[in-house]
Number of protein chains: 2
Amino acid sequence: MAQLRDLKDELDIVIPTIRNLDFLEMWRPFFQPYHLIIVQDGDPSNTIGVPEGFDYELYNRNDVNRILGPKASCIPFKDSACRCFGFLVSKKKYIFTIDDDCFVAKEPNGKEINALEQHIRNLLTPSTPLFFNTLYDPFANGSDFVRGYPFSLREGLPTAISHGLWLNIPDYDAPTQLVKPRERNTRYVDAVMTIPKGTLFPMCGMNLAFDRELIGPAMYFGLMGDGQPIGRYDDMWAGWCAKVICDHLLLGVKTGLPYIWHSKASNPFVNLKKEYKGIYWQEDIIPFFQSIALREECTSVQDCYIELANKVKERLGPIDPYFEKLGDAMVTWIEAWNELNPPPPPAQTATVAHPNVAMKN
Amino acid sequence: MAQLRDLKDELDIVIPTIRNLDFLEMWRPFFQPYHLIIVQDGDPSNTIGVPEGFDYELYNRNDVNRILGPKASCIPFKDSACRCFGFLVSKKKYIFTIDDDCFVAKEPNGKEINALEQHIRNLLTPSTPLFFNTLYDPFANGSDFVRGYPFSLREGLPTAISHGLWLNIPDYDAPTQLVKPRERNTRYVDAVMTIPKGTLFPMCGMNLAFDRELIGPAMYFGLMGDGQPIGRYDDMWAGWCAKVICDHLLLGVKTGLPYIWHSKASNPFVNLKKEYKGIYWQEDIIPFFQSIALREECTSVQDCYIELANKVKERLGPIDPYFEKLGDAMVTWIEAWNELNPPPPPAQTATVAHPNVAMKN
């Protein structure tokens, strides 16, 4: 099993919010060593209180507009999807993002769960998307690959995304919320698993970590919120795009541990209004993503994402003009990403990645 | 959630063995209402003791030879793979098969696990192989589909296979047994999940249930044991074949709960001798199964299996003559299956399955 590195200097915690961040008090023992990127949504003249002792930078809409200029149009407003701005401005290798209504959950034995530590463990150990391991994460303590698992696949693939879960309020859509208003998730499933290659999943942004270098440019949360016809599909959109790209680039996506405690159900009536077009469109979007084959020439996340943006316009555009706009915004996002995250000079990259090759060149 | 039916008259428990079945004492509260099919392996002159009060039929090698005649050549001898003979002679819709070194496991709270009841629950509720649900089985109590799960896929697909797990001795291959002789599985993962379409998994025959009508003819455990160059790949072989066919016919495969307590590790040195060719061949077998596309015309399990047998001979035959023999045995197995399980007269089938259609015809 891989030794856990200390990621204090390699990971940013991104929090979208419209209110004082009192929830951080509960996370203090776990988050305080890390740098926070707070993305303030809504009225920029409001003041967001951050508990003492946290190291943070805070961006409101004015900052977004100032930093991105006309490209700011791709960053959602009045929607937690604005969090992706934090992914853009981070300079770190890893991101953990969490909602401000999420608290520290407990294991069945009562022990508080250090969600961030588990995400780091997930990201620093390989994924196994090419074959299913019935005893779940073979890189967990006390576990391994079972009989019949091909030996050539046991090194696994690099992990790009770690998707954590939620106790208490489950992440249900509005119709399910309406039908089951009292359902709570009390089932603690002690497992981390890789989502197999070729399989899509509903990625929730509430408790999510990823390797920015491996998949960052695909973590765009789309056009949601103010002025847009849908909401609550931001993380889903990012998840579908990112999964298709991870599959193409042979990167892994894990789900399962860690749990956070999700404290508050959002209003199902408001949610229904945000979701209803998504619920409808999704029936075309899913087959679209399931059938996508990216060209072999797409070898970077940016390449893949631009190709995806073109396909979105071409194949989803006919459903609604929204997808034309979304495809354009996806391109703008990549432009913004490349502007704020210029690639290191080629020689340097080569030195880091392939010292021998660099010498030969 | 689907109501649990009583399957007393619809399920057989198949047990391959070479010894007295004292292990049944521990299972008595759970198994006694069911009919057992005991497949006695090894010397037919040995007497297998079965605890009082169980309803069973027992077949030894002489019975296998008598019932199948020349087709008996497809049934393995001196290997627990002989269990598939029990699948063949059963007249029930469901099968549960378990090894005689498996005992009743306990939940973390100390409650004894009724493995059979959980398997029945797994088989009687739908599977969801077309999209991943992050809160695991949406048909479990207190669970559902999460936000972003397409509504058109929420009916799920019929479940063909329920693959249960093992506490204590994990199902490791010989190399892993040798490297980690003391590793025990103590992790109770409280989840059932569908293995996504297009993903292969290592199916273990130790604690396994299936719907014989949906997938029975694919549950052939191959040529193993006496006179064969490999062992311990019987259940793996069945799993790969069955999964490819389930994917083609849009049937579901679940894994996870229930756990049994696996009491005894087999000898890793003996296992290595049985496995080593399989470990080597598997590196070609897996890509073979991953790349298989069955013809659309294959609409029954038998059709699919014969097609698979032909492909095995054609594409794996060049690796070793064993695969020629195996392909032939697969065909023989289907012939034996059809002989012992003749399809009901067409009119009757239609009456049961589609009463209205039958009336129109």
Side-chain angles (χ1 to χ4, degrees), chain A residues 108 129-136 140 142-153 163 165-166 170-176 179-180 183-191 193 195-204 232-233 235-236 239 255-256 271 275 278-279 282-283 285-286 290, chain B residues 108 129-136 140 142-153 163 165-166 170-176 179-180 183-191 193 195-204 232-233 235-236 239 255-256 271 275 278-279 282-283 285-286 290:
Chain A
L130 302 180
F131 202 84
F132 192 91
N133 194 47
T134 50
L135 285 184
Y136 310 99
S143 190
D144 212 313
F145 293 96
V146 300
R147 178 171 59 93
Y149 202 102
F151 280 82
S152 62
L153 299 178
H163 177 261
L165 300 175
W166 342 277
D171 186 29
Y172 286 164
D173 48 66
T176 309
V179 171
K180 293 179 156 184
E183 190 150 288
R184 297 294 177 266
N185 186 24
T186 59
R187 184 185 291 249
Y188 181 91
V189 176
D190 184 20
M193 43 178 315
I195 299 174
K197 182 167 186 278
T199 300
L200 293 175
F201 78 114
M203 187 178 83
C204 171
R232 283 171 60 84
Y233 273 87
D235 40 6
M236 298 299 141
T255 185
N271 289 347
E275 283 174 17
I279 287 174
Q282 180 176 305
E283 299 297 336
I285 296 174
I286 296 300
Q290 283 176 331
Chain B
L130 302 179
F131 201 84
F132 191 91
N133 194 48
T134 50
L135 286 185
Y136 309 98
S143 190
D144 213 313
F145 293 97
V146 299
R147 178 171 58 93
Y149 202 102
F151 280 83
S152 61
L153 299 179
H163 177 259
L165 300 176
W166 341 277
D171 186 29
Y172 286 164
D173 47 66
T176 309
V179 172
K180 292 178 154 184
E183 190 150 286
R184 296 293 175 267
N185 186 24
T186 58
R187 183 184 294 247
Y188 181 91
V189 175
D190 185 19
M193 42 179 314
I195 299 174
K197 182 167 185 277
T199 301
L200 293 175
F201 78 114
M203 187 177 84
C204 171
R232 283 171 60 84
Y233 273 87
D235 40 7
M236 298 298 141
T255 184
N271 289 347
E275 283 175 16
I279 287 174
Q282 179 175 305
E283 298 297 337
I285 297 174
I286 296 300
Q290 283 176 333

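Proteins get letters first, then strands, A, B, ... in listed order; numbering begins at 1 in each.
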query: Are any non-hydrogen side-chain atoms of B:I195 and B:K197 less than 4.5 angstrom apart?
result: no

query: Side chain, backbone, both or neither: which part of A:S152 has a non-hydrogen atom closer than 4.5 Å to chain B?
result: both

- prompt: Under 3.5 Å, side chain of B:Y149 to main-chain N/O of B:F131, donor-acceptor pair present?
  reply: yes

- prompt: Highest number of heavy-atom pairs under 4.5 Å with chain A: which of B:I279, B:L153, B:D173?
  reply: B:D173

task: For each of B:T186, B:L135, B:L130, B:N185, tally heavy-atom pairs with chain A at distances under 4.5 Å, and name the one with the top tally.
output: B:L135

task: Look at A:T176, A:D171, A:T199 and state which one has the largest set of heavy-atom pairs under 4.5 Å with chain B.
output: A:D171

message: With heavy-atom distances below 4.5 Å as the criterion, would you say the side chains of A:P170 and B:D144 are in contact?
response: no

Top contributor to chain B contacts, counting heavy-atom pairs under 4.5 Å, from A:Y172, A:W166, A:F145: A:Y172

- prompt: In terms of side-chain geometry, is the basic nitrogen of A:D235 or B:R147 positioned less than 4.0 Å from the acidic oxygen of its partner?
  reply: yes

- prompt: With only heavy atoms counted, which part of A:R184 is less than 4.5 Å from chain B, the side chain, the backbone, both or neither?
  reply: backbone

query: So, do A:M193 and B:M193 sit near enough that their side-chain heavy atoms are less than 4.5 Å apart?
result: yes

Which portion of A:L200 sits near chain B, non-hydrogen atoms under 4.5 angstrom: both

field: A:Y136 versus chain B, the contacting section by heavy-atom distance below 4.5 Å
entry: side chain

- prompt: Side chain, backbone, both or neither: which part of A:P108 has a non-hydrogen atom closer than 4.5 Å to chain B?
  reply: neither

- request: Mark yes or no for whether A:K180, through its side chain, and B:G142, through its backbone, hold a donor-acceptor pair below 3.5 Å.
  value: no

Segment of A:N271 engaging chain B (4.5 angstrom heavy-atom cut-off): neither

field: Under 3.5 Å donor-acceptor, A:D190 side chain and B:D190 backbone
entry: no

- line: Comparing B:T134, B:T255, B:I286 against chain A, the one with the most heavy-atom pairs below 4.5 Å turns out to be B:T134

statement: To the nearest 0.5 Å, atom CD of A:E275 lies from atom CZ of A:R232 at 4.5 Å

